Structures are given as structure tokens and as C-alpha cells.
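Model, not experiment: these values are computed from the prediction.
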Amino acid sequence: MIRIIAATKSYIVALLSVLVICVWMLVLGSRPVSSDRAPVRVIVSSGASAKEIARVLSDRGLIRSPFVFVFTCRISGQSGALKPGVYELDRAMSVPAIIRVLVRGESLEAWI
């Protein structure tokens with residue numbers, strides 16, 4: 001009986017540790033890349049998926065992790081709401097801030 005309780009405690013501690021690490025990675029991955037507010041122009045193609053957009057944002061140095069971007073889009077239900085267009089973003093924007101801009105369609109040019 002004592003072995004079962006000890007094993008259960010170890011399992012719970014390990015599970016909680018993994019959960020804390022995952023949440024911490026998501027928090028760190030959502031932070032801005034730098035404090036640089038210089039505008040970076042990004043083109044989001046019509047029909048581009050969240051994964052494709054994440055790759056473009058990562059290539060331009062606007063996000064730390066494409067996985068965190070896609071995960072945040074999916075968890076917030078915004079994956080299908082990202083609008084195409086030409087956007088001016090900056091490296092001081094967090095992942096949620098970038099997603100808000102893309103969902104609102106605050107682009108320099110709208111595609112019809």
C-alpha cells in the first residue's frame with residue numbers, strides 16, 4: 001500500500017513538473033522577440049494557413065516559435081480568422097498582439 005502511494009505521489013509530481021514546463025515554454029514563446037519597434041512588412045497570402053503564416057513570421061524574425069503561434073491561434077479559435085493582406089508589424093509585439101492585428105485585418109492593403 002505504501003509503495004502505491006509513493007508511486008502515485010511521484011507520478012503526480014512528474015506530471016505537474018511537465019505541465020509547469022510546458023506552460024513556461026508557451027509563456028516564453030509568446031513574448032516579443034526584442035524591443036525593436038522598427039516596422040517589418042509581412043505579406044499574408046489569401047488562403048494561407050496559421051502554420052504557413054507562422055513560418056513567414058518566424059523567417060522575418062517576428063516570433064520566437066512557429067509552434068507557439070499556431071498553438072495560440074488554435075487555442076483561441078482564431079486559426080481560420082487570420083486575414084490576408086500586407087501588414088506592418090514589429091519585433092516588440094507579442095504573439096497575441098500579432099494575432100489580434102491579423103484577425104482584425106489591420107493591413108496596409110486589403111486583398112479582395
Of all pairs that satisfy salt bridge (charged side-chain N to carboxylate O under 4.0 Å, His left out), the ones with a partner from residues 4-28, not counting sequence neighbours:
none
Residue pairs, two or more places apart or on separate chains, that pass salt bridge (charged side-chain N to carboxylate O under 4.0 Å, His left out) and touch residues 68-80:
none
Which heavy-atom pair separates [X] from [Y] by the least distance, and what is that distance?
X: A54; Y: I63; result: O-CD1, 3.5 Å
X: Y87; Y: G105; result: OH-CA, 3.5 Å
X: S49; Y: E52; result: N-OE1, 2.8 Å

Is there a continuous path of hydrophobic side-chain contacts, each under 4.5 Å between heavy atoms, that joins V42 to V33?
no
With a cutoff of under 4.5 Å between side-chain heavy atoms, which Ile, Leu, Val, Met, Phe, Trp and Tyr residues group with [X]?
X: M25; answer: I21
X: L26; answer: F67, V68, F71, I75
X: W24; answer: L28

Which pairs, with at least one residue in residues 41-66 and sequence neighbours excluded, count as a ring pair (Phe, Tyr, Trp, His ring centres under 6.0 Å)?
none
Who passes side-chain hydrogen bond (donor to acceptor under 3.5 Å, both in side chains) against Q78, sequence neighbours left out?
none
Rounded to the nearest 0.5 Å, what separates atom OG in S79 from atom CD1 in I53?
9.0 Å
Non-hydrogen side-chain atoms of C73 and L82 separated by less than 4.5 Å
yes
Given side chains that start at C-beta, do those of V56 and V44 come closer than 4.5 Å, heavy atoms only?
no
Of all residues at least two apart in sequence or in a different chain, which pass the side-chain contact (heavy atoms from CB on, under 4.5 Å) check with S17?
V13
With E88 via salt bridge (charged side-chain N to carboxylate O under 4.0 Å, His left out) - residues at least two apart
R41
Do side-chain atoms of K83 reach the backbone of L102 as a donor and acceptor pair under 3.5 angstrom?
no
Output a table of donor-acceptor pairs, distance under 3.5 Å, between side-chain atoms of residues 90-101 and any protein atom two or more places apart or on a different chain; print 'none' if there are none.
from: D90; atom 1: OD1; to: A92; atom 2: N; distance (Å): 2.9
from: D90; atom 1: OD1; to: M93; atom 2: N; distance (Å): 3.3
from: R91; atom 1: NE; to: G61; atom 2: O; distance (Å): 3.3
from: R91; atom 1: NH2; to: R60; atom 2: O; distance (Å): 2.8
from: S94; atom 1: OG; to: A97; atom 2: N; distance (Å): 3.3

